Amino acid sequence: MIHCSALLLSSDRMVQQVSDRPTADHEAKISLPKTSESETLKKIRHTTSHVMAMAVQKLFPKAQVTIGPWIENGFYYDFDSPEPFSEEALKAIKKEMIKIINKKLPVIREEVSREEAKRRIEAIGEPYKLEILDDIKTEPITLYHLGDQWWDLCAGPHLENTSEINPKAIELETVAGAYWRGDATKAQLQRIYGTAWESPEQLTEHKRRKEEALKRDHRKLGNQLDLFHFQEAAPGSVFWHARGWTLFQQLIAYMRMRQERAGYIEVNTPDVMDRSLWETSGHWQNYRDHMFTTVTEDDRVFALKPMNCPGAVSLFKHGLKSYRDLPIRMAEFGKVHRYEPSGTLHGLMRVRHFTQDDAHIFCAQEDMARECEEVVKLVLDIYKELGFAEVSIKLSTRPENRIGTDQTWDLLEAALSSALSALNLTYQINEGEGAFYGPKLEFVLHDAIGRDWQCGTLQVDLNLPERFDIEYVTKEGDRSRPVMLHRALFGSLERFIGILIEQYSGDLPFWLAPEQVRLLPVGDDFRAFAEAAAAQLRSAGVRVTVDQSGDRLGKIVRNAEKEKIPVMAVVGEKEVETNSLSLRTRADGDLGSVTVADTIERATAANRDRTTF
RNA sequence: GCCGGUGUAGCUCAGUGGUAGAGCACUCGAUUCGUAAUCGAGCGGUCAGGGGUUCAAAUCCCCUCACCGGCUCCA
C-alpha cells in the first residue's frame, strides 16, 4: 500500500512538473486543421451536425431544429426544445449519433423548387425552417437527406455517407442558451456545441489544447500567483493584491513614458460629477440604466463617471484655446464605472470598474488624418513590445442612426481607413457598427481559449464638441470647432492585464514581473548575506525578496518556480565567500555563479531595455 | 438581462438523509539542509445566504446572491 501511494505521488509530481514549465506549446506534435481551411473538415462537421440533429429529434421528438453551422473548432446546432438538454441527454444523444453513423446512411443531395421545399417543411411542422427558407434568395433549394430517415435545408457540402464520420473522433461538448437569430427579443433556443475531427488523434489533441488553455486562464493564474481576487460584496470589482497592483503600475509607468514621448500631456478629472453634466454629454439619456449614481443629503444627483470624455472636454473648454495650442493630446488614467449586466461579467475581462489609459486629442480637421495615423502606429508598436504581434483590426462605419452629414462621415471614415492603409495594415470592416457620433477603430486581442476582446480603440467624435460647444481661435481670428479623437491603447488596464497573463501563461517578461528576483538562502546562516545582497538589488530598482520560510532548498526552489519568479538566486557558503549569487532562471535553468554587482548590472539592463534577464 | 450548470477549510477536492473529511497552505517542535515537496504534532467549517420538508438536511424542495459555459449587450 505504501508502495502504491508513493508511486502515485511521484507520477503526480511528474505531471505537474512537465505541465508547469514555461514552454507551454513545446509539443505541437499534431497540427490541427481549421474548418475554414479544410474542405474535408467542413464536410465532416456539416454532416456530424446533421447526424446530431437527427439524434436529438429521435430522442426528443418535440425538439424543433433551427440552424447548425460549422465553426472553427467544431459545430453547433440550435434547437427549440421544451425540455433543456442535460449532461445525461448529451451522452444519450452521442450514443444515438453513433448508431446513426453505424447505419451507414447515404447523404443524398436533392434540389427542389421553393414551393416544394415549403410544402415539405409544412408537412413536418418546422416553423423555424420556414423562416430560414424565406431568407434563402436563390433557387433551387438544396436539401440534404440522411438515407430516407431525416433531412434538412442545407447548402452543404457534405460527406457521402454517415459511415465516413469516425465515431471516435467526435464529441458533444456543452449546452448553451442562444437567441433565435441572435435577437434577445426572440425565443431562447438550446444550443449544443460539438466537435468532429478526421481522426481520434486530432480529437485527443484538441482536448489536450483545451485543457492546456484552461491552465492559462487569468482567473486561475490570478489566484495562484496572488495577483487579485473578487468578492461577492463587490461583483465585477477587482481587489488588486500587492503583486497584481505592481504589474498594474508597471504598465501605467510604461504607457506614461510612451505617451510623454509621443507629445501627450496628462490630466486628471473628477470621478463623481453632477447629473447635469451627463445630460449635456448625452450619457444620462442613453446609459442611465448602466450608470452608478449617488444622491447626497441635499438631494443632488451625482453619477460616477462611465466615461472620461466629459471631463476632458470640460478641461478643454476651460480657458480660451488658440490654433497655436493644437493639437492637444490630453491623457488620463481614469477609472470608469459601468453597471454591466450580471451575465456579462467575466474575470478581469469584463468588470464594472476599470481603468482606461484614455486620451482625447483635440485638433484641427486638417490634422485629423495625421493624428489617427500616429495613434495607430503607437498602439501597434506598444502591442508588439508587449508580445502581441498578431492584432485584429476592425473598422466600424456609419450606422443607420447617426448625426452629421454624409460628407462629414466620408471624411471621418477616410481618416481612419487611410491611417490603416498608409501603414499597410489589413483590417475588417464592420458595416454600420460605428457609434452614432462617429466611426471607430478596434484593436482586438485574443485570450487563451480564443475569445476576442476589444482592447485598443480609436474613435472620432462629432457629438461632444458640439454638445459642449467647444471652440478654438483660428489664425484668422474666427472661432472654429476642433475635432475630437478619443483613444485608449490598452483600453481597460484590467482587461489588458487579463490578456497579458494568458498570453504569457503567467510567465511575465522580467521587466513586468511583480517579483523579479528571489534570493534563496540554503540555511539560516546565509540569511544575513542574502538580506544585504537584496538591499543592494532593491536600491538599484530591482523588485527582490528573500525567502523567509526556512525550508530546504529543494522546497523553496519549487515554491519560487510555482510562483513563476523569473530569477532565483541561491545563497550558501560559496556565494558568501565570493560575494556572488548562484543564479537560476525560470526560462534557462541554472546559470552558475555571478557576482552581486554583475547581477545588479544584468537586472537593471533588462529593466531599462525591457529585455529578458 | 436570458438559458443551463456550480457553490464544502486559505487553495485543490472527497463526502446522495444519521457525529463534516483528505492533501497542500498555516502555527509549533525536531532537522541546518545546495537547485521542483524533510519528519512529527496542532489549528482551521453558520457546508454561499435565507426559508421549507423530515425524528434527523452539506445531501431533498423553494427563493436570493455569486461564480462557470454560452447568448444578448458593451458609450
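From a predicted model like this one, the values you see are computed outputs, not experimental measurements. Below, read A as the first sequence line, B as the second, and so on, with proteins coming before strands; counting in each chain starts at 1.
At least one side-chain nitrogen or oxygen of Tyr193(A) sits closer than 4.0 Å to the OP1 or OP2 atom of rC71(B). The shortest distance between the side-chain N/O atoms of Lys215(A) and the OP1/OP2 oxygens of rU12(B) is not below 4.0 Å. OP1 or OP2 of rG69(B) lies within a sub-4.0 Å distance of a side-chain N or O belonging to His346(A). In this structure, Arg350(A) does not reach the rU72(B) phosphate: none of its side-chain N or O atoms is under 4.0 Å from OP1 or OP2. The phosphate of rU12(B) (OP1 or OP2) has no side-chain N or O of Lys220(A) nearer than 4.0 angstrom. Dashed line: the shortest gap from a side-chain N or O of Arg552(A) to OP1 or OP2 of rU32(B) is not under 4.0 Å.
Listed candidates were rA75(B), rC73(B), rA36(B). Nearest to the side chain of Arg584(A) is rA36(B). Between rC71(B), rG34(B), rA36(B), one nucleotide has an atom nearer to the side chain of Lys562(A) than all others, and that is rA36(B). Nearest nucleotide to the side chain of Val570(A), out of rA36(B), rA25(B), rU35(B): rU35(B). Here the nucleotide nearest the side chain of Leu553(A), chosen from rG34(B), rA37(B), rG69(B), is rG34(B). Here rA36(B) is the nucleotide among rA36(B), rG34(B), rU38(B) with the atom lying nearest to any side-chain atom of Arg558(A). The listed nucleotides are rC74(B), rA36(B), rG34(B); the one nearest the side chain of Glu561(A) is rA36(B). Of the candidate nucleotides rU35(B), rC11(B), rG7(B), rC11(B) has the atom nearest to the side chain of Asn223(A). Among the nucleotides rG70(B), rA75(B), rU35(B), the one closest to the side chain of Lys440(A) is rA75(B). Proximity note for Tyr179(A) (side chain, C-beta onward) versus rC67(B), rC65(B), rC71(B): the nearest is rC71(B). Between rG70(B), rG4(B), rG34(B), one nucleotide has an atom nearer to the side chain of Pro84(A) than all others, and that is rG4(B).
Per the geometry, CD1 belonging to Ile93(A) stands 15 Å off P belonging to rG4(B), to the nearest Å. What separates CH2 of Trp180(A) from P of rG70(B) is a distance of 22 Å, to the nearest Å. As rounded to whole Å, 10 Å separates atom C1' of rU12(B) from atom CD of Gln224(A). For the pair Arg181(A) CZ and rC71(B) C1', the interatomic distance rounds to 16 Å; values are reported in whole Å. Here the P atom of nucleotide rC68(B) and the NE2 atom of His218(A) are 8 Å apart, to the nearest Å. Lys186(A) has its NZ atom 13 Å from the C1' atom of rU72(B), to the nearest Å. Regarding Phe228(A), its CZ atom lies at a distance of 13 Å from the P atom of rC67(B), rounded to whole Å. For Lys555(A) and rU32(B), the NZ to P distance is 18 Å, given to the nearest whole Å.
Checked against the 6.0 Å centroid criterion, the rings of Phe75(A) and Trp70(A) do not qualify as a close aromatic pair. Proximity of the aromatic rings of Phe239(A) and His229(A) is defined here by a centroid distance below 6.0 angstrom, and this criterion is met. Centroid-to-centroid, the aromatic rings of Phe292(A) and His353(A) come within less than 6.0 Å. Side-chain rings of Phe79(A) and Phe60(A) stay apart, their centers remaining 6.0 Å or farther from each other.
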Pair assignment for RNA chain B - dot-bracket with | for other-strand partners, Watson-Crick or G-U under 3.5 Å: (((((((..((((....[..)))).(((((.......))))).....(((((..]....))))))))))))....
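The salt bridge (charged side-chain N to carboxylate O under 4.0 Å, His left out) test applied to Glu340(A) returns Arg350(A), not counting sequence neighbours.
In this structure, Arg243(A) pairs ionically with Glu563(A), as a charged nitrogen and a carboxylate oxygen lie closer than 4.0 Å.
For the C1' atoms, the distance from rC24(B) to rU6(B) is 23 Å, rounded to whole Å. Taking the C1' atoms as reference points, rU8(B) lies 15 Å from rG23(B), given to the whole Å. Between rG7(B) and rU19(B), the two C1' atoms lie 24 Å apart (nearest whole Å). As rounded to the nearest Å, rU16(B) and rU72(B) have P atoms that lie 39 Å from one another. Here the separation of rA9(B) from rG49(B), taken at their P atoms, is 10 Å to the nearest Å. Separating the P atom of rG52(B) from that of rC11(B) is a span of 30 Å, rounded to the nearest Å. Look at the P atom in both rA57(B) and rC43(B): the space between them is 27 Å, to the nearest Å.
On a pure distance criterion of 3.5 Å, no polar donor-acceptor pair joins the side chain of Glu83(A) and the base of rG4(B). Thr344(A) contributes no side-chain N or O that forms a donor-acceptor pair with the base of rU72(B) under 3.5 Å.
With RNA chain B read from its 5' end, the first of the two nearest nucleotides for Ala178(A) and Phe526(A) is the one closest to Phe526(A). Along RNA chain B, the nucleotide nearest Gly343(A) and the nucleotide nearest Gly236(A) are compared for position; the residue whose nucleotide lies closer to the 5' end is Gly343(A).
In terms of heavy atoms, Leu345(A) sits closest to Pro235(A) at CD1-C, 4.2 Å. Residues Leu214(A) and Lys220(A) come closest through the heavy atom pair O-CD, 3.8 Å.
Panel note: side chain Glu494(A), backbone Thr355(A); a donor-acceptor pair is recorded below 3.5 Å. Of the possible donor and acceptor atoms, one in the side chain of Thr280(A) sits under 3.5 Å from a partner among the backbone N and O of Ser276(A).
From Leu189(A), atom CG reaches atom CD of Gln64(A) across 10.0 Å, with rounding to the nearest 0.5 Å.
Ring geometry, Phe490(A) versus Phe496(A): the interplanar angle falls from 30° to 60°, so the pair is classed tilted.
Contacts with RNA chain B (heavy atom under 4.0 Å) in residues 449-461 of chain A: Ile449(A), Arg451(A), Gln459(A), listed by number.
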